[in-house]
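This is a predicted model, so every value here is computed, not measured. First the proteins, then the strands, lettered A, B, ... as listed; each starts at 1.
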There are 2 protein chains.
Amino acid sequence: MKNKADLLNQYWTDIYFHLHYIHTDKITHQAIRIMQLIDKQGNIGVSEIASFLNVSHNTASEHVKRLENKQFIIKKRDPADERKAFICLTGRGKEVLDRNTSLDQEKLKQVLNELDEKEQCAIEQALKILSERAKQCKF
Amino acid sequence: MKNKADLLNQYWTDIYFHLHYIHTDKITHQAIRIMQLIDKQGNIGVSEIASFLNVSHNTASEHVKRLENKQFIIKKRDPADERKAFICLTGRGKEVLDRNTSLDQEKLKQVLNELDEKEQCAIEQALKILSERAKQCKF
DNA sequence: CAATTATATCGTATTATACGATACAACAAA
DNA sequence: TTTGTTGTATCGTATAATACGATATAATTG
């Protein structure tokens, strides 16, 4: 008998598999990971990316450069320390990230439309709770 | 005001961001997509992979070869048509896929442990419903 | 037997990933 | 003011991944 975490992961990966966007972007894993970090956590510079990806600072710098060239991110200097750069997603970057990590909005809507209001509400509350607790939890 | 699909996607990507495994594998996007397809849908051959990724059959064949070399997948001949190969994940392939697409089991357990039984049950039921409907829905 | 299908290999071109060495700019401490 | 440190960037180098057209082989189908 599977434990609960296994079961939830089964559901989790099934949901993603069936509801993800058709992947059309030629995008790589490292690009997605970096943009996820930028999107979900503020105050990101090259050093933070190097740590997050567990690569050297020069490698992280190259990654940032490539994403900048693709206009997925922009860099701003930290006024408090002009050696540092703050890295932000552009609108275009957000769109690419969305298409490669989120559930397809049309598919999700269609699924929700076939649920009754109570079920919809239950799903929303459940994901909300899980999201909030996931953020709060110290690992 | 965001629509519901936006909101759910916010939760969805937040959950993944906070609960994913630390990425240690040097794995690429195409590898993950292929293994997801094999894992979630049976009867996969090179042609199906070419369609799924929207690449040519020779490119798909190269992808399959690389995954085979890494011992993430194995190929079996279809007895009904020996030109065709059935592609299956190895144990190792499943582990790599899990680490790169599932929520980290320890993190998930820790979060669940801080919820009461009612909340846990609600989350399980919600993901179950969403998973089942996602599978059934025609897009 | 000829045509078609499924896959594999090779050559080629481009892009991505990674790092050590090195460099420059900015900051901090003495 | 000088020296040491920090943060990032660039370059050269090596390897791997992605993609396809051309070509080949084996198996199936009509």
task: Quantify the bending of the helix from dC1(C)-dG30(D) to dA30(C)-dT1(D) as the angle between its end axes, each fitted on five pairs, to 10°.
output: 20°
query: Would you say the side-chain atoms of R33(B) and Q36(B) include a donor-acceptor pair closer than 3.5 Å?
result: no
- prompt: Quick one: on DNA chain C, does H57(B) or V55(A) contact a more 5' nucleotide (nearest heavy atom)?
  reply: H57(B)
- line: Across all chains, not counting sequence neighbours, the side chain to side chain contact (heavy atoms under 4.5 Å, CB included) partners of D116(A) are K118(A), E119(A)
field: Contacts of D104(B) that satisfy salt bridge (charged side-chain N to carboxylate O under 4.0 Å, His left out) - sequence neighbours left out
entry: none
message: Counting only heavy atoms and a strict 4.0 angstrom limit, can you tell me which residues of residues 73-82 of chain B come near DNA chain D?
response: D81(B), E82(B)
query: Taking 4.0 angstrom as the limit, do E114(A) and R133(B) come out as a salt bridge?
result: no
- request: Would you kindly compare S56(A) and K26(A) by the position of their nearest DNA chain C nucleotide and give the one closer to the 5′ end?
  value: K26(A)
task: Using atom NE2 of H63(B) as one end and atom C1' of dC20(D) as the other, report the distance to the nearest whole Å.
output: 11 Å
- request: Identify the two heavy atoms, one from H18(B) and one from A134(A), that lie closest to each other, and give their separation to 0.1 Å.
  value: CB-O, 3.7 Å
- prompt: Is the shortest distance from a Lys or Arg side-chain nitrogen in K94(B) or D39(B) to a carboxylate oxygen in the other one below 4.0 Å?
  reply: no
task: Rounded to the nearest 0.5 Å, what's the gap from CG on N9(B) to NZ on K4(B)? Could you check?
output: 13.5 Å
- prompt: Who else is in the cluster with F86(B) when I, L, V, M, F, W and Y are joined by side-chain contacts under 4.5 Å?
  reply: none
query: So, is T59(B) near the phosphate of dA19(D), with a side-chain N or O under 4.0 Å from OP1 or OP2?
result: no
message: Would you say that more than 12 heavy atoms from the other residues, nucleotides or ligands in this model lie under 6.0 Å from the CG of D78(B), or not?
response: yes
- prompt: Using links of under 4.5 Å between side-chain heavy atoms of ILVMFWY residues, direct or through other members, which residues join I44(B) in one cluster?
  reply: F17(A), I27(B), I32(B), I34(B), M35(B), L37(B), I38(B), V46(B), I49(B), F52(B), L53(B), V55(B), V64(B), L67(B), F72(B), I73(B), I87(B), L89(B), V96(B), L97(B)
message: Holding to salt bridge (charged side-chain N to carboxylate O under 4.0 Å, His left out), I want the full list of residues that pass it with E82(A), two or more places apart in sequence or in another chain.
response: none
- prompt: Counting heavy atoms not belonging to D81(A), are there more than 12 under 6.0 Å from its CG?
  reply: yes
- request: Scan T28(A) against the nucleic acid and name what it touches under 4.0 Å (heavy atoms): base, sugar-phosphate only, or nothing.
  value: sugar-phosphate
message: Does the structure place the NZ or CZ of K128(A) under 6.0 Å from the centre of the six-membered ring of Y11(B), at an angle of no more than 45° from the ring's axis?
response: no
message: Heavy atoms within less than 4.0 Å of DNA chain D: which residues of residues 83-101 of chain B have one? Give them sorted by number.
response: R83(B)
- request: Flag yes if L7(B) and I15(A) sit in one hydrophobic cluster, no otherwise; membership is Ile, Leu, Val, Met, Phe, Trp, Tyr, and two members link when side-chain heavy atoms are under 4.5 Å apart.
  value: yes
- prompt: Can you name the residues that form a salt bridge (charged side-chain N to carboxylate O under 4.0 Å, His left out) with E132(B), not counting sequence neighbours?
  reply: none
field: Residues touching DNA chain C, which here means a heavy atom under 4.0 Å, drawn from residues 31-40 of chain A
entry: none
- request: Could you tell me the separation between the CD1 atom of I44(B) and the C1' atom of dA6(C), rounded to a whole number of Å?
  value: 15 Å
message: Regarding S47(A), tell me which of base, sugar-phosphate or nothing describes its non-hydrogen contacts under 4.0 Å with the strands shown.
response: sugar-phosphate
Below 3.5 Å between N/O atoms, which protein atoms pair up with nucleotides 11-16 of chain D? Just atom names and distances, please.
| unit_1 | atom_1 | unit_2 | atom_2 | d |
| --- | --- | --- | --- | --- |
| dC11(D) | N4 | E62(A) | OE2 | 2.8 |

statement: Those residues at least two apart in sequence (or on a different chain) that pass ring pair (Phe, Tyr, Trp, His ring centres under 6.0 Å) with H29(B) are H29(A)
task: Find the distance L53(B):CG to dA17(D):C1' and express it as a whole number of Å.
output: 13 Å
